[in-house]
Amino acid sequence: MSKKPISQKHADREKVENRTLSRVYYVFLLGLAAECYLFLVYRCYAWGTVKSTLAWHRVLTVGTWLGLAALIAGIVVGLLKRQDRKIRTIMTWVAGVGTFFLVTGWVMTRFFTGGAGVTAMCILVPILAVLALVYLLYQHECALSTVVLSGAMFSIWLRGASAGSGRWQLPVIVGCVVVAAALAAAIVLADRARKAGGRLWGVRVFSVECDYRIVYAVLAVAAVAVLAAAVLPAAVYYLMWGLGVLLFAELAFYTTKLM
């Protein structure tokens with residue numbers, strides 16, 4: 001097999017970089033549009049007049065069902081037309097938008113008291129948008145570590161918030177144990193991927209130059225921190241600070257690797 005000329009390699013690399021930047025641009029715009037929509041709901045639904053609240057409740061309810069229909073249609077049509085790349089891409093976006101309206105509509109109408117559901121979505125959506133940008137711009141192992149540490153911090157915060165609740169305290173503790181078990185299973189899967197050259201079930205999940213020691217350390221520390229929060233809710237504040245420092249250090253490390 002003849003090697004590609006250097007000019008062709010540069011052209012291929014530039015094409016890949018342009019495709020990635022386009023995806024980053026679209027994700028950023030969608031995240032911005034979603035946040036503007038949520039702020040509108042926050043103003044008119046959670047803290048609006050009685051008339052606007054009732055009107056938005058109907059809108060959100062209809063949007064929830066339409067989102068469910070779009071999600072199902074996107075999955076079904078995407079699977080049936082999976083050989084057609086253009087249709088598959090369109091159906092992926094349809095399913096994604098449907099998921100957004102389904103989840104946000106259900107959460108905001110289900111947890112209406114005090115605007116809790118709307119507030120949660122206003123916080124969660126930009127976090128997910130940032131994680132999506134990390135996935136597109138950084139190595140897969142960086143995206144995994146960022147998601148794991150962010151999820152562990154959320155679990156620990158939830159444990160602290162539910163410490164004085166007779167209704168939610170036990171379910172959150174059980175959830176923390178489940179999260180820790182999932183992180184332990186992720187360590188096993190990461191080790192399997194290492195032995196397979198970064199692939200898991202034939203799909204590349206880590207880069208060739210991945211430092212698996214960092215992946216193992218992040219997963220292990222996150223699992224221990226979540227378990228510690230489940231047992232010692234008084235340590236929630238310190239655990240969140242520790243994971244926050246680790247998250248910053250991890251992002252700084254992978255940023256230097258891109259340079």
Side-chain angles (χ1 to χ4, degrees), residues 31 34-35 38-39 41-43 45-47 60 99-100 102-135 138 141-190 214-254:
E35 193 65 9
L38 291 172
F39 278 136
V41 176
Y42 183 87
R43 175 65 182 84
Y45 178 60
W47 300 105
L60 292 173
T99 301
F100 169 77
L102 170 63
V103 174
T104 57
W106 183 84
V107 171
M108 290 188 292
T109 54
R110 176 66 177 80
F111 302 97
F112 172 76
T113 305
V118 183
T119 302
M121 289 296 99
C122 288
I123 296 173
L124 183 60
V125 167
I127 291 176
L128 292 178
V130 170
L131 292 178
L133 294 176
V134 171
Y135 175 79
Y138 287 81
E141 52 270 24
C142 175
L144 172 66
S145 299
T146 304
V147 169
V148 166
L149 291 175
S150 301
M153 291 177 68
F154 175 76
S155 300
I156 292 172
W157 171 82
L158 197 61
R159 174 68 182 102
S162 65
S165 173
R167 178 182 179 185
W168 293 105
Q169 183 172 357
L170 181 59
V172 170
I173 292 176
V174 173
C176 288
V177 174
V178 172
V179 168
L183 292 172
I187 295 176
V188 177
L189 292 177
I214 296 177
V215 176
Y216 297 150
V218 166
L219 292 171
V221 169
V224 172
V226 172
L227 279 180
V231 178
L232 300 171
V236 163
Y237 177 81
Y238 305 100
L239 291 171
M240 289 190 65
W241 263 103
L243 290 183
V245 172
L246 181 59
L247 176 61
F248 175 81
E250 169 257 325
L251 285 172
F253 171 78
Y254 283 112

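Atom set for the values below is all heavy atoms of this structure, side chains included, hydrogens, waters and symmetry mates excluded.
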Locate the shortest heavy-atom distance separating [X] from [Y]; write the atom from each residue and the value.
| X | Y | answer |
| --- | --- | --- |
| L239 | A225 | CD1-O, 3.5 Å |
| P233 | R159 | CG-NH2, 3.6 Å |
| M121 | P126 | O-CD, 4.2 Å |
| V134 | C142 | CG1-SG, 4.2 Å |
| A152 | A222 | CB-CB, 3.9 Å |
| A229 | V236 | CB-CG2, 4.4 Å |

With sequence neighbours excluded, what pairs up with [X] under the side-chain contact (heavy atoms from CB on, under 4.5 Å) test?
| X | answer |
| --- | --- |
| I214 | D211, V218, F253, Y254 |
| V125 | A34, E35, L38, F100 |
| Y216 | I187, A190, D191, R194, Y212 |

Side-chain touch L227/C176, heavy atoms, less than 4.5 angstrom
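Side chain of L227 against side chain of C176, heavy atoms only: no contact under 4.5 Å found.
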Taking the side chain as everything from C-beta on, heavy atoms only, tell me whether L243 gets closer than 4.5 Å to M240.
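Side chain of L243 against side chain of M240, heavy atoms only: no contact under 4.5 Å found.
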Give, for atom [atom1] of [X] and atom [atom2] of [Y], the distance between the pair rounded to the nearest 0.5 Å.
| X | Y | atom1 | atom2 | result |
| --- | --- | --- | --- | --- |
| S150 | I127 | OG | CD1 | 7.5 Å |
| L251 | L246 | CG | CG | 9.5 Å |
| E141 | L144 | CD | CG | 8.5 Å |

Mind checking side-chain hydrogen bond (donor to acceptor under 3.5 Å, both in side chains) for T109 and listing every partner two or more places apart, or none if nothing turns up?
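T109 satisfies side-chain hydrogen bond (donor to acceptor under 3.5 Å, both in side chains) with no other residue.
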For Y237, what residues pass the side-chain hydrogen bond (donor to acceptor under 3.5 Å, both in side chains) criterion, not counting sequence neighbours?
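So Y237 forms a side-chain hydrogen bond (donor to acceptor under 3.5 Å, both in side chains) with W241.
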Enclosure of F111 CZ (heavy-atom neighbours >12, cutoff 6.0 Å)
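Buried by this count: over 12 neighbours within 6.0 Å.
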Pairs where residues 227-236 contributes a residue and the test side-chain hydrogen bond (donor to acceptor under 3.5 Å, both in side chains) is met, not counting sequence neighbours
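Residue pairs with at least one partner in residues 227-236: there are none.
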Steps toward side-chain contact (heavy atoms from CB on, under 4.5 Å) verdict (T119, Y42):
CA-CA 7 Å; T119 302; Y42 183 87; 3.6 Å; yes
